[in-house]
Amino acid sequence: MKRLILIIILLASVASKAQTTKFAFVHSSFNVTNSTAQIDSLISKLNADSSLSFVCFVGTAGEAFGTTQDFGNFKLALDKLNKPYNIVPYQKECRDYNCFANFLEYFGDDKFVINGGSFVFIGINPALPFSNIIHYTIENLNWLEETLDTFSLAKEIYFISPIPFDEIGNSRAVLSLLAKKNIKLIISGNAAKNQQQNILGINAIDLRNSFESESTTFSIFNITKDSVIVYQTEKVLAAFDKTIQQQIENSAEIDYENFSAEVKTKIDLASTLGGSLYWEDKIFTAEESGLISCYDTTGTLLWDYDTYGTLISAPVISDRLLTAATANGDIITLSAISGEQIQSIGFEQNITTDLTVLGYTGNKILMIPKLTKSNSALIFGTASGKIFCYDLETLQEYWVNESAKGMIKTKPLVVENKILFGSYDGYIYCIDSRSGLLIWRWKEKAETDFSFAQILSDGKRVFAVSNNGTTYCIDLLLGKLIWKNETNIALQHIGFSVDKKSLYLKCAGKKICRLKSDNGKLEKEFKVAQEFDNSFDSILELNGTIIYSNRGTLYSVNEKSKEEKLVHIDNAPVIALEKINNKIFAATLDGRILLFTLR
């Protein structure tokens with residue numbers, strides 16, 4: 001998130017002992033049923049140790065907290081500490097818009113730096129808010145570089161992560177920045193086991209979750225001039241000799257390499273991308289910073305427009321109008337040709353989905369008459385779980401549906417007179433596009449969750465993958481289960497074959513699975529070179545060839561499972577991959593956009 005405040009805490013107790021410090025590291029997710037007792041017990045133990053300079057929490061509140069009152073109570077409890085503390089949040093705190101907003105309200109920022117005498121401690125939240133993406137963004141990297149530049153080489157740097165560091169996207173870029181300074185240790189929480197390791201020549205320690213039972217444990221780091229000793233309840237977990245000079249390896253990664261693609265356009269925004277689209281030989285981008293831009297196919301900037309908001313969703317174009325929605329709740333229409341603002345409205349909801357356009361066929365009469373015969377309407381979902389339909393020309397409301405009881409993040413899908421979407425309450429919803437009335441909602445059982453599921457439909461059936469990797473087929477008319485596939489554990493972004501008779505899924509076990517859409521049976525497996533990352537784009541079928549992304553690289557694979565690298569587009573997740581006539585359009589989270597053809 002932009003405009004995050006840099007918090008620098010000067011620890012007098014550390015500065016007075018320039019060559020030594022001692023701090024507590026709490027790596028936990030509190031259990032809902034015993035969180036209060038655990039927090040109170042934890043604080044009592046921490047307060048009893050007068051030698052602690054500060055306390056660092058990572059990934060703390062998500063299991064038990066989320067509402068304003070929850071975070072308020074948590075803040076009151078932590079304020080009973082008789083020493084400074086900082087928190088690096090993680091996925092659970094960042095998953096929901098209101099939850100993350102509450103976190104920022106009470107704790108100020110999702111990263112910190114502590115300058116204490118000879119030692120500097122830095123923590124950054126790697127979870128992109130309101131998504132499943134775990135990645136150090138471009139903005140994170142810029143902040144880290146600027147922060148490190150303020151410290152001399154004499155300062156010892158200790159970097160803190162809420163999860164094992166090497167599981168995070170762009171971690172190599174972070175290593176490159178740390179390697180320019182006097183990095184001594186990388187500390188990671190919420191690991192599968194306690195372990196001491198070496199990451200490209202840099203000492204590192206992974207620590208298990210502290211709150212797996214009703215007891216409260218935490219790790220103590222005792223840092224002296226010559227060593228770092230880590231222990232829990234007086235048991236030594238690890239020890240590092242700082243006098244041994246480590247040879248740090250070059251951690252730089254190639255962030256672009258073309259293997260066999262005919263690249264027509266390459267745009268580098270160097271900014272987190274909220275969304276993008278291609279229309280009439282122009283490329284439109286929406287950066288999280290609030291900037292909307294238009295480029296031609298040579299990559300030349302034609303115009304840009306600052307929304308002065310946060311863009312976490314893709315805009316749409318209809319009737320030659322580009323419409324964008326900020327997470328802050330503004331809807332803005334621009335001329336897609338010139339970028340001139342046509343109109344805008346403030347909206348008392350946080351808009352959290354990509355925009356969708358449909359042809360409105362309901363009978364609602366608008367208060368302000370329309371000047372054209374256009375029936376284009378906007379569909380979008382919000383942090384509160386509401387979904388709205390607005391006239392595109394006048395930005396007047398046709399209807400609102402309040403059936404969902406959780407944030408809506410997935411893009412609404414229009415199928416004839418129905419709208420399909422998933423919600424953070426776990427359900428798939430089907431509502432009438434003319435009236436907004438609920439037709440049906442469905443999930444198999446209480447724990448089934450379609451929060452982040454991409455929803456597809458062939459006009460008769462609805463397809464989606466739940467958070468646990470099960471693929472479901474539901475009757476579009478009745479909202480009843482037709483089939484499910486639990487055997488092939490899949491990621492949640494899926495694709496159709498050209499004839500829509502098959503589904504393509506990225507599956508565990510280094511394979512792409514093609515399922516028959518009528519019965520869910522496995523039709524074919526395509527072996528790939530490595531396990532898939534948590535990709536956010538769909539698989540394409542193009543002239544009998546499958547096009548897909550993995551770990552920032554685009555690949556093709558044929559019917560004989562021959563895999564070929566096309567282009568390494570970026571060291572960031574691919575968030576858009578689609579066919580544009582005979583070209584392929586791709587965009588990454590870090591703002592790199594390609595338009596290319598196959599050789």
Side-chain angles (χ1 to χ4, degrees), residues 4-27 42-43 45-60 75 78-89 107-125 140 143-162 165 174-175 177-189 202-205 207 210 218-232 237-243 246:
L4 294 176
I5 304 168
L6 173 61
I7 300 177
I8 300 179
I9 299 179
L10 300 177
L11 299 174
S13 60
V14 178
S16 63
K17 305 175 184 178
Q19 300 299 317
T20 182
T21 192
K22 180 181 176 183
F23 74 94
F25 182 82
V26 185
H27 37 108
L42 169 69
I43 290 174
K45 292 178 180 179
L46 293 170
N47 283 340
D49 190 342
S50 60
S51 64
L52 291 176
S53 298
F54 68 96
V55 181
C56 178
F57 296 87
V58 292
T60 309
K75 177 73 163 55
L78 292 187
D79 284 348
K80 296 176 185 177
L81 277 169
N82 57 17
K83 47 192 62 66
Y85 68 87
N86 282 280
I87 300 177
V88 182
F107 301 107
D109 204 345
D110 66 345
K111 52 184 174 284
F112 70 84
V113 55
I114 299 173
N115 180 9
S118 301
F119 313 109
V120 175
F121 301 89
I122 300 173
I124 300 176
N125 168 30
N140 282 334
W143 178 89
L144 179 60
E145 185 173 26
E146 291 171 3
T147 300
L148 290 172
D149 284 346
T150 65
F151 299 115
S152 69
L153 288 174
K155 293 274 191 177
E156 295 183 1
I157 308 296
Y158 296 81
F159 189 82
I160 295 170
S161 168
F165 180 75
V174 171
L175 283 178
L177 295 174
L178 295 174
K180 297 176 183 178
K181 293 292 183 175
N182 187 16
I183 176 68
K184 290 298 182 183
L185 185 64
I186 295 173
I187 305 165
S188 301
I202 300 174
N203 284 323
I205 183 168
L207 296 167
S210 303
F218 49 86
S219 302
I220 296 293
F221 283 74
N222 193 13
I223 303 175
T224 69
K225 179 181 178 181
D226 299 325
S227 67
V228 178
I229 299 175
V230 187
Y231 57 91
Q232 283 181 5
L237 298 180
F240 301 92
D241 187 343
K242 290 162 55 177
T243 64
Q246 300 276 6

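In what follows, residues are counted from 1 in the order of the sequence shown.
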Seminar exercise, completed: Sorted by chain and residue number, the salt bridge (Lys or Arg N to Asp or Glu O under 4.0 Å) partners of Asp226 (sequence neighbours excluded) come out as none

Problem set entry | Under the salt bridge (Lys or Arg N to Asp or Glu O under 4.0 Å) test, residues paired with Asp241 that sit two or more places apart | none

Mind listing the closest non-hydrogen atom pair of [X] and [Y] along with its distance?
X: Pro162; Y: Val58; value: CA-CB, 3.7 Å
X: Phe240; Y: Ala204; value: CZ-O, 3.6 Å
X: Lys111; Y: Ile124; value: CB-CA, 3.8 Å
X: Asn182; Y: Ala154; value: ND2-O, 4.0 Å
X: Leu185; Y: Ile183; value: O-CD1, 3.7 Å
X: Val88; Y: Gly123; value: CG2-CA, 3.9 Å

Which value, rounded to the nearest 0.5 Å, describes the distance between [X] atom [atom1] and [Y] atom [atom2]?
X: Ile186; Y: Phe165; atom1: CD1; atom2: CZ; answer: 4.5 Å
X: Lys180; Y: Leu153; atom1: NZ; atom2: CG; answer: 12.0 Å
X: Ile187; Y: Ile160; atom1: CD1; atom2: CD1; answer: 5.0 Å
X: Ser227; Y: Lys184; atom1: OG; atom2: NZ; answer: 11.5 Å
X: Thr21; Y: Phe119; atom1: OG1; atom2: CZ; answer: 6.5 Å
X: Leu177; Y: Thr147; atom1: CG; atom2: OG1; answer: 10.5 Å

Side-chain heavy-atom pair [X], [Y] within 4.5 angstrom cut-off:
X: Leu52; Y: Ile220; value: yes
X: Ile223; Y: Phe23; value: yes
X: Leu46; Y: Tyr85; value: no
X: Val55; Y: Phe218; value: no
X: Val228; Y: Tyr158; value: yes
X: Asn140; Y: Val174; value: no
X: Leu148; Y: Ile122; value: yes

For this session: Hey, can you tell me if Phe221 and Phe25 have their rings parallel, tilted or perpendicular (30° and 60° cut-offs)?
Result: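 Correct class here is perpendicular.
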
Exercise. When you check the gap from the basic side-chain N to the acidic O, do Lys45 and Asp49 get nearer than 4.0 Å?
Worked result: no

Problem set entry | Test applied, salt bridge (Lys or Arg N to Asp or Glu O under 4.0 Å); reference residue, Glu156; option that passes from Lys225, Lys181, Lys242 | Lys242

Exercise. Do Phe54 and Phe121 have their ring centres less than 6.0 Å from each other?
Worked result: yes

For this session: Kindly say whether Tyr231 contributes a backbone atom to a donor-acceptor pair with the side chain of Ser219 at under 3.5 angstrom?
Result: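 No, because the side chain of Ser219 does not come within donor-acceptor range (under 3.5 Å) of the backbone of Tyr231.
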
